[in-house]
Number of protein chains: 2
Amino acid sequence: MVMINIVKISRALGDPVRYKIMLLLANSESDCCPQPSTNGGPLGLCNCEIMAHTGMIQSRVSYHMKELTEAGLVTEEQRGKWKYYYINTATLKDYAGQIKTDLCR
Amino acid sequence: MVMINIVKISRALGDPVRYKIMLLLANSESDCCPQPSTNGGPLGLCNCEIMAHTGMIQSRVSYHMKELTEAGLVTEEQRGKWKYYYINTATLKDYAGQIKTDLCR
DNA sequence: TGACAGCATCAAAATATTTTGATATGTTAT
DNA sequence: ATAACATATCAAAATATTTTGATGCTGTCA
């Protein structure tokens with residue numbers, strides 16, 4: 001059982017910009033740069049694609065991706081000079097499960 | 001299907017003070033004032049009990065209970081001059097479910 | 001009704017987070 | 001090695017949230 005921090009994950013998801021990025025990651029396939037590895041889950045996007053989809057500047061995207069990564073919601077993968085981000089579904093499933101066991105009784 | 005706002009709920013849970021209150025509500029039974037209604041779920045606590053458990057001043061507790069209530073995480077019940085709060089487990093279950101269906105694929 | 005208990009609300013202060021532009025770091029291709 | 005590109009980091013500014021103390025409102029009980 002992985003250790004997850006409910007408050008940290010909630011806080012990460014509780015920002016509209018970051019939640020939008022999570023939805024993007026869950027629903028988009030990469031279409032630029034080298035293709036990410038086939039990991040069975042979402043294919044992920046690179047920083048530049050997130051910039052394009054959201055219209056945000058680079059440092060802003062970087063900042064939010066770091067928040068998501070540190071919460072364990074997103075996994076990074078360096079591929080050449082690009083960095084891919086994809087959703088860590090294990091964390092989300094643990095999170096959803098723990099919310100229910102800890103708070104619903 | 002109730003309309004829930006994932007960002008708002010996440011934000012509400014993403015504050016350490018509020019998450020602590022949620023755990024309190026999930027694990028405590030009221031032991032003061034008139035007993036709350038038997039609603040099948042957690043019995044809830046009144047503002048004064050939350051103050052006692054957390055050591056926080058009244059206006060601070062009030063502020064956070066409002067945030068939790070507005071997110072739909074907590075339901076209020078006025079009983080005499082006391083106000084009881086109890087966890088809204090339906091919202092939490094919908095939340096956990098939607099997190100999984102929207103972000104895990 | 002008056003006194004008081006419990007909670008809500010408000011404005012100001014304190015604190016935290018987010019955004020931006022500049023600059024640094026790391027990778028690839030020439 | 002150098003240039004060019006992708007991303008990270010930093011410090012300052014902008015913005016948002018939380019905390020506090022004061023005050024207001026409502027219900028209870030003498």
Side-chain angles (χ1 to χ4, degrees), chain A residues 5 7-22 24-25 28 30-37 43-71 73-86, chain B residues 5 7-22 24-25 30-37 44-71 73-86:
Chain A
N5 184 330
V7 171
K8 196 164 192 177
I9 294 172
S10 303
R11 183 187 161 285
L13 291 173
D15 178 274
V17 166
R18 288 191 290 266
Y19 188 67
K20 185 177 176 183
I21 292 174
M22 289 294 283
L24 258 180
L25 288 178
S28 309
S30 182
D31 190 31
C32 90
C33 329
Q35 287 305 300
S37 66
L43 288 180
L45 295 174
C46 62
N47 212 319
C48 63
E49 287 174 305
I50 296 171
M51 288 169 63
H53 278 302
T54 61
M56 301 195 301
I57 65 176
Q58 184 269 319
S59 60
R60 191 178 175 190
V61 171
S62 246
Y63 167 72
H64 285 296
M65 295 322 289
K66 188 176 182 190
E67 294 284 316
L68 290 172
T69 301
E70 286 180 350
L73 287 167
V74 153
T75 301
E76 309 177 323
E77 183 182 336
Q78 187 87 35
R79 293 179 70 78
K81 63 181 166 184
W82 292 276
K83 190 153 196 180
Y84 272 80
Y85 301 96
Y86 52 90
Chain B
N5 183 330
V7 172
K8 195 163 194 179
I9 294 173
S10 303
R11 183 187 161 286
L13 292 174
D15 177 274
V17 167
R18 288 191 290 266
Y19 188 67
K20 184 177 176 184
I21 292 173
M22 289 294 282
L24 258 181
L25 288 177
S30 181
D31 190 30
C32 89
C33 331
Q35 287 305 301
S37 65
L45 295 174
C46 62
N47 212 320
C48 63
E49 287 175 304
I50 297 171
M51 290 169 64
H53 279 302
T54 60
M56 301 193 303
I57 65 175
Q58 185 269 319
S59 61
R60 190 179 177 190
V61 171
S62 245
Y63 167 72
H64 286 296
M65 295 322 290
K66 189 177 182 188
E67 293 285 315
L68 290 171
T69 301
E70 286 179 350
L73 287 168
V74 154
T75 301
E76 309 176 324
E77 184 182 335
Q78 187 87 36
R79 294 179 70 78
K81 63 180 163 181
W82 293 276
K83 190 155 198 178
Y84 272 80
Y85 301 97
Y86 51 91

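So that the names make sense, note that chain A is the first sequence line, chain B the second, and so on, each numbered from 1.
Phosphate proximity of D:dT17 to B:H64: absent, as no side-chain N or O sits under 4.0 Å from OP1 or OP2. Between B:N47 and C:dA5 there is no side-chain polar atom (N or O) within less than 4.0 angstrom of OP1 or OP2. The phosphate of C:dA8 (OP1 or OP2) has a side-chain N or O of B:K83 nearer than 4.0 angstrom.
Between the CZ atom of A:R11 and the P atom of D:dT17 there is a distance of 12 Å, rounded to whole Å. Atom CD1 of B:I50 is separated from atom P of C:dC7 by 9 Å (rounded to the nearest Å). One atom, CG of B:L68, and another, C1' of D:dT18, lie 14 Å apart when rounded to the nearest Å. Taking atom NZ of residue A:K8 and atom P of nucleotide C:dT17, one finds them 11 Å apart after rounding to whole Å. Going from atom OH of B:Y19 over to atom P of D:dT18 covers 17 Å, rounded to whole Å. Taking atom NZ of A:K66 as the reference point, atom C1' of D:dT9 lies 8 Å away to the nearest angstrom. Spacing between atom OH of A:Y85 and atom P of D:dT7 amounts to 7 Å, rounded to whole angstrom units. For the pair A:E70 CD and D:dA8 P, the interatomic distance rounds to 12 Å; values are reported in whole Å.
Side-chain proximity of B:V17 to the nucleotides D:dT19, C:dA8, D:dT9 is greatest for D:dT19. Here the nucleotide nearest the side chain of A:W82, chosen from D:dT18, D:dT7, C:dA8, is D:dT7. When distances run from any side-chain atom of A:R18 to the nucleotides D:dT18, C:dT18, C:dC7, the shortest one goes to C:dT18.
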Whether each nucleotide of nucleotides 20-30 of chain D has a protein heavy atom under 4.0 Å at its base (B), only at its sugar-phosphate (S) or at neither (-) is summarised, 5' to 3', as BB-----SS--
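Distance check: A:C48 SG to A:K83 NZ gives 13.5 Å after rounding to the nearest 0.5 Å. Atom CE of B:M65 is separated from atom CG of B:L45 by 8.0 Å, given to the nearest 0.5 angstrom. For the atom pair B:N47 CG and B:E76 CD, the distance stands at 9.5 Å (nearest 0.5 Å). Distance check, rounded to the nearest 0.5 Å: CD1 of B:I21 to CG of B:D15 gives 8.5 Å. Distance OH/B:Y85 to OG1/B:T69: 6.0 Å, rounded to 0.5 Å. Atom CD1 of B:I50 and atom CZ of B:R60 lie 13.0 Å apart (nearest 0.5 Å).
By the side chain to side chain donor-acceptor pair (under 3.5 Å) test, B:R11 is found to be paired with B:E67, residues two or more places apart in sequence or in another chain being considered.
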